[in-house]
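As the structure is a computational prediction, the values presented were derived from the model and not from experiment. In what follows, chains are A, B, ... by sequence order, proteins preceding strands, each numbered from 1.
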There are 2 protein chains.
Amino acid sequence: MSRHTAGGTIASMDSSHTRREATRRKLFEAAVTLIAEQGFSSTTVDEIAERAGVAKGTVYYNFASKNVLFEELLRHGVEMLAASLQNAADEVAERGGSRVDALDGMIHAGLYFISQYPALTQLYVAELWRTNRTWNSTLMMVRERAVSVVADVIRDAVAGGELSEEIDIPLTASALFGMVLVAALDWQSFQPDRSLDDVHAALSRLLQGRVSGHQGTGGAGAEAGSGRS
Amino acid sequence: MSRHTAGGTIASMDSSHTRREATRRKLFEAAVTLIAEQGFSSTTVDEIAERAGVAKGTVYYNFASKNVLFEELLRHGVEMLAASLQNAADEVAERGGSRVDALDGMIHAGLYFISQYPALTQLYVAELWRTNRTWNSTLMMVRERAVSVVADVIRDAVAGGELSEEIDIPLTASALFGMVLVAALDWQSFQPDRSLDDVHAALSRLLQGRVSGHQGTGGAGAEAGSGRS
DNA sequence: CCTCTTGAACTGACCAGTCAGTGCAAAAAG
DNA sequence: CTTTTTGCACTGACTGGTCAGTTCAAGAGG
């Protein structure tokens, strides 16, 4: 199947450690786009192998099953995301920024990550709130890993007096996460020409409260049960 | 179920119509939970039929295909959601509330809707940003239908001077939508005991800007390209 | 020579969609 | 009032195709 007449060179690229690693990476890349497009169950192993440019047998030499391939993909992806977010928060801290600044930096990093790995993001969104799947525990871990990075920074900010003690940490972390996720997916899908900083500014503005900045007649207030019938 | 109680005879036409309707509703209900749990392609028509308590043939008597069943389900669901959001906004307006109050009312309505139809919500999240699927145009329409209800209210608020002209309407609508969506899914999945009003209050607080309410050292500011390298 | 990859053939389970037939209630005929 | 017809709604066994996973002998690379 060597359609590149190998010329003798391309194959010997930097296989960082083994040929095996390179093959596994190729399979991850092929799988992530296909599964993002079509979903897990309608993506066939033959398709993954073909897009990765390897034989089907190779898939099963490297991964025990289609399920295992997918789970390792999920784990690998979330490690990248968590590291990226953590790194953004740390950089802001090093530079002497506040915790709230760190949150803002994480939003930026989140947007950047999603713009770099749109397929991976689509895939997470599609699978993350699913129940009853075989790889449910993996998904649980993945979600926890991502959200806790955000929640930790919020917790620190509350402890340091930067944020009100009244806020609900896990829920706020989720909401923030969702806001960035959905806004970024919409950006990528429907307004891909806009710059990252532009989108980032819009989200910062929303959070900063300039959107509902005027003190409303009470509706946007925090009091519960506002006249719902 | 006799829409026209005109007497004993006209009911006949009605009942024949209603039997089918009841079956279709049962199939919708069965399909929505199964697909939310397992995804579209790993949910079999046999499963749907079994859960609905009908024979497989009945599915195909009522719907041209598995795809068509799903598309009609999506359309039916989003109509319910859009109506619910619109209704919430209208009620606030009738009561003399501001547009921002209307937005808040829509957040409440969104949370309520999701708590009532969690499976439908999971399903939308899972499918909405998928590309390359056969029912892509349906999904496009569905998304547009839901987001535009929010965007319209934001637009009115901007026109009426309640919100800054600087805000990005479609992006803000998406972000708001995503915030509610993800927060609600997390609420349902991980803290189901909390009350709706509690969750609503947390989100209102986030939007109201109390979270990042202190004026940060610039990180949360709206200026673009804030020190990101 | 040991690890990894190839490619094609094969198996067995699973599944979307089909179709000939059943049940039944309301209209038509007797 | 009784019998027959009509056709809607539903049934479930069956078909043809698809796909995960297996096997293996023959390389390729290092």
Side-chain angles (χ1 to χ4, degrees), chain A residues 1-28 30-31 34-35 38-73 133-135, chain B residues 1-2 4 6-28 30-31 34-35 38-73 133-135:
Chain A
M1 207 15 111
S2 57
R3 84 169 36 138
H4 311 254
T5 48
T9 47
I10 303 181
S12 61
M13 293 275 267
D14 61 289
S15 45
S16 57
H17 269 125
T18 36
R19 274 194 296 162
R20 216 172 158 175
E21 267 319 304
T23 304
R24 288 170 63 96
R25 238 194 325 275
K26 279 194 291 181
L27 283 170
F28 277 156
L34 284 168
I35 296 178
Q38 307 175 328
F40 176 79
S41 3
S42 36
T43 299
T44 69
V45 174
D46 291 273
E47 276 177 317
I48 296 172
E50 191 191 348
R51 167 130 4 155
V54 301
K56 188 180 185 177
T58 306
V59 176
Y60 284 94
Y61 184 78
N62 283 281
F63 299 95
S65 68
K66 187 188 172 187
N67 269 295
V68 168
L69 163 57
F70 186 54
E71 279 183 31
E72 292 195 18
L73 174 60
R133 278 283 242 242
T134 42
W135 52 77
Chain B
M1 296 301 168
S2 50
H4 315 107
T9 40
I10 305 185
S12 58
M13 221 175 69
D14 223 1
S15 70
S16 71
H17 206 48
T18 304
R19 176 136 95 108
R20 255 191 110 148
E21 248 352 276
T23 305
R24 287 170 64 96
R25 214 173 308 120
K26 278 194 292 181
L27 285 169
F28 277 155
L34 284 167
I35 296 178
Q38 307 175 326
F40 175 79
S41 4
S42 35
T43 299
T44 69
V45 174
D46 290 273
E47 277 177 314
I48 296 172
E50 192 191 348
R51 172 143 343 170
V54 301
K56 188 179 189 177
T58 305
V59 177
Y60 286 93
Y61 182 77
N62 283 282
F63 299 95
S65 67
K66 188 186 173 191
N67 268 295
V68 168
L69 164 58
F70 186 52
E71 280 183 31
E72 291 195 19
L73 176 60
R133 278 283 240 247
T134 42
W135 53 76

message = Across nucleotides 10-18 of chain D, 5' to 3', mark each nucleotide with B, S or - according to how protein heavy atoms within less than 4.0 Å reach it.
response = BBB------
Gap between atoms NZ and C1', on B/Lys66 and C/dT18 respectively (whole Å) = 17 Å
task = Report the distance from atom CG of A/Leu27 to atom P of C/dC4, rounded to the nearest whole Å.
result = 14 Å
remark   = By side-chain hydrogen bond (donor to acceptor under 3.5 Å, both in side chains), A/Thr58 pairs with (sequence neighbours left out) none
query = What is the distance from atom CD1 of A/Ile48 to atom NZ of A/Lys26, rounded to the nearest 0.5 Å?
reply = 14.5 Å
request  = Find the distance between CD (B/Glu47) and OG (B/Ser42) and round it off to the nearest 0.5 Å.
outcome  = 8.0 Å
task = Using atom CD1 of A/Ile35 as one end and atom P of D/dA20 as the other, report the distance to the nearest whole Å.
result = 11 Å
task = Please report, rounded to the nearest Å, how far the C1' atom of C/dA8 is from the CD atom of A/Glu50.
result = 15 Å
query = Which pair of non-hydrogen atoms, one from A/Leu34 and one from A/Arg51, has the smallest distance, and what is that distance?
reply = CD2-NH2, 3.2 Å
query = Atom CZ of B/Phe70 and atom P of C/dA16: how far apart are they, to the nearest Å?
reply = 14 Å
Rounded distance in Å - OH (B/Tyr60) to C1' (D/dA9) = 17 Å
remark   = When rounded to whole Å, the CD to C1' distance for the pair A/Glu21 and C/dT3 reads 14 Å
query = What is the nucleic acid contact for A/Thr43, judged by heavy atoms within less than 4.0 Å: base, sugar-phosphate only, or nothing?
reply = sugar-phosphate
From B/Tyr61 atom OH to B/Leu27 atom CG, the distance as rounded to the nearest 0.5 Å = 13.0 Å
inquiry  = Nearest whole Å is fine: how far is C/dC15 P from B/Asn67 CG?
reply    = 16 Å
ask   = side-chain hydrogen bond (donor to acceptor under 3.5 Å, both in side chains) with B/Lys56: which residues, sequence neighbours excluded?
value = B/Asp46
